[in-house]
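Okay, so here's the structure we're looking at.
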Amino acid sequence: MIEAQRVASLVWDILSADTGAGGVHTLTGGRIYRDRVPQGPNMLPAVTITLVSSAPTNTRGGNRVAQNVLVDVRVVTEGTTYGNAIADRIDAVLQNVGGSKDTVRVVELVQDAVQAYIEDDAGKSYAHIVATYRTPAYA
């Protein structure tokens with residue numbers, strides 16, 4: 001599982017480094033988090049990166065060698081307007097990208113699915129776009 005956490009960490013690194021005009025970091029004011037958005041005023045729009053699953057696909061001598069990893073990247077905005085520009089930029093930055101984090105090699109991130117929904121909480125609406133990215137990863 002620690003290998004999969006490193007995949008999620010690499011996704012965070014990539015999105016946080018996108019600081020140019022129209023970059024993910026720029027569009028969100030640097031509000032890119034692991035798992036959840038902290039509570040407080042002026043916290044949106046934001047992006048979260050969450051490990052969804054990690055299934056071993058190859059072992060050698062009882063040790064995991066390769067895994068199929070799924071990571072959710074969620075854009076959250078206040079109101080009922082989706083953060084399409086942010087989601088589009090995230091996909092442009094992540095689609096078909098690979099790399100390494102510590103001892104883990106991320107082969108290629110590929111968008112697997114997209115969900116969008118509106119939720120209401122304490123009289124406010126929040127729009128979510130969740131894109132799931134899949135990649136093989138090697139320890």
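Here the options are Leu15, Val110, Leu10, the test is side-chain contact (heavy atoms from CB on, under 4.5 Å), and the partner is Leu94; only Leu15 passes.
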List the atom pairs, with distances to 0.1 Å, where a side-chain N or O of residues 114-127 and a protein N or O form a donor-acceptor pair under 3.5 Å, not counting sequence neighbours.
| residue | atom | partner | partner atom | Å |
| --- | --- | --- | --- | --- |
| Glu119 | OE2 | His128 | NE2 | 2.8 |
| Asp120 | OD1 | Ser125 | OG | 2.5 |

Report all side-chain donor-acceptor pairs from residues 33-45 shorter than 3.5 Å, counting only partners two or more places apart or in another chain.
| residue | atom | partner | partner atom | Å |
| --- | --- | --- | --- | --- |
| Arg34 | NE | Ile49 | O | 3.4 |
| Arg34 | NH2 | Gln5 | OE1 | 2.6 |

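No continuous path of hydrophobic side-chain contacts links Val104 to Tyr138 [ILVMFWY only; heavy atoms under 4.5 Å]. In terms of hydrophobic clustering, with Ile, Leu, Val, Met, Phe, Trp and Tyr side chains grouped at heavy-atom distances under 4.5 Å, Leu70 and Val106 are assigned to different clusters. Cluster annotation: Tyr133 and Val52 are assigned to distinct hydrophobic clusters (Ile/Leu/Val/Met/Phe/Trp/Tyr, side-chain heavy-atom contacts under 4.5 Å, transitive).
Interatomic distance, OG1 of Thr48 versus CZ of Arg31, reported as 13.5 Å (0.5 Å rounding). Separating the CG atom in Asp13 from the CG atom in Asp18 is a distance of 13.0 Å, to the nearest 0.5 Å. Note that the CD1 atom of Ile32 and the CD1 atom of Ile90 stand 7.5 Å from one another [nearest 0.5 Å]. The CD atom of Glu108 sits 7.5 Å away from the OG1 atom of Thr135 when rounded to the nearest 0.5 Å. In this structure, CG in Leu51 is found 11.0 Å from CD in Glu3, a value given to the nearest 0.5 Å.
The closest donor-acceptor contact from the side chain of Thr77 to the backbone of Thr81 lies under 3.5 Å. A donor-acceptor pair under 3.5 Å is absent between the side-chain atoms of Thr19 and the main chain of His25, judged by distance alone. The closest donor-acceptor contact from the side chain of Arg105 to the backbone of Gly99 lies under 3.5 Å.
Looking only at atom types and distance, the side chain of Thr132 has a donor-acceptor partner in the side chain of Asp72 under 3.5 Å away.
Between Val71 and Thr50 the shortest side-chain heavy-atom distance does not fall below 4.5 Å.
Closest of all the heavy-atom pairs between Leu27 and Ala85 is CD1-O, 4.1 Å. For the residue pair Thr28 and Val24, the shortest heavy atom distance occurs at OG1-O, 2.9 Å.
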For this session: Could you please spell out the steps behind the side chain to side chain contact (heavy atoms under 4.5 Å, CB included) verdict for Arg74 and Val47?
Result: CA-CA 5 Å; Arg74 177 176 61 124; Val47 170; over 6 Å; no
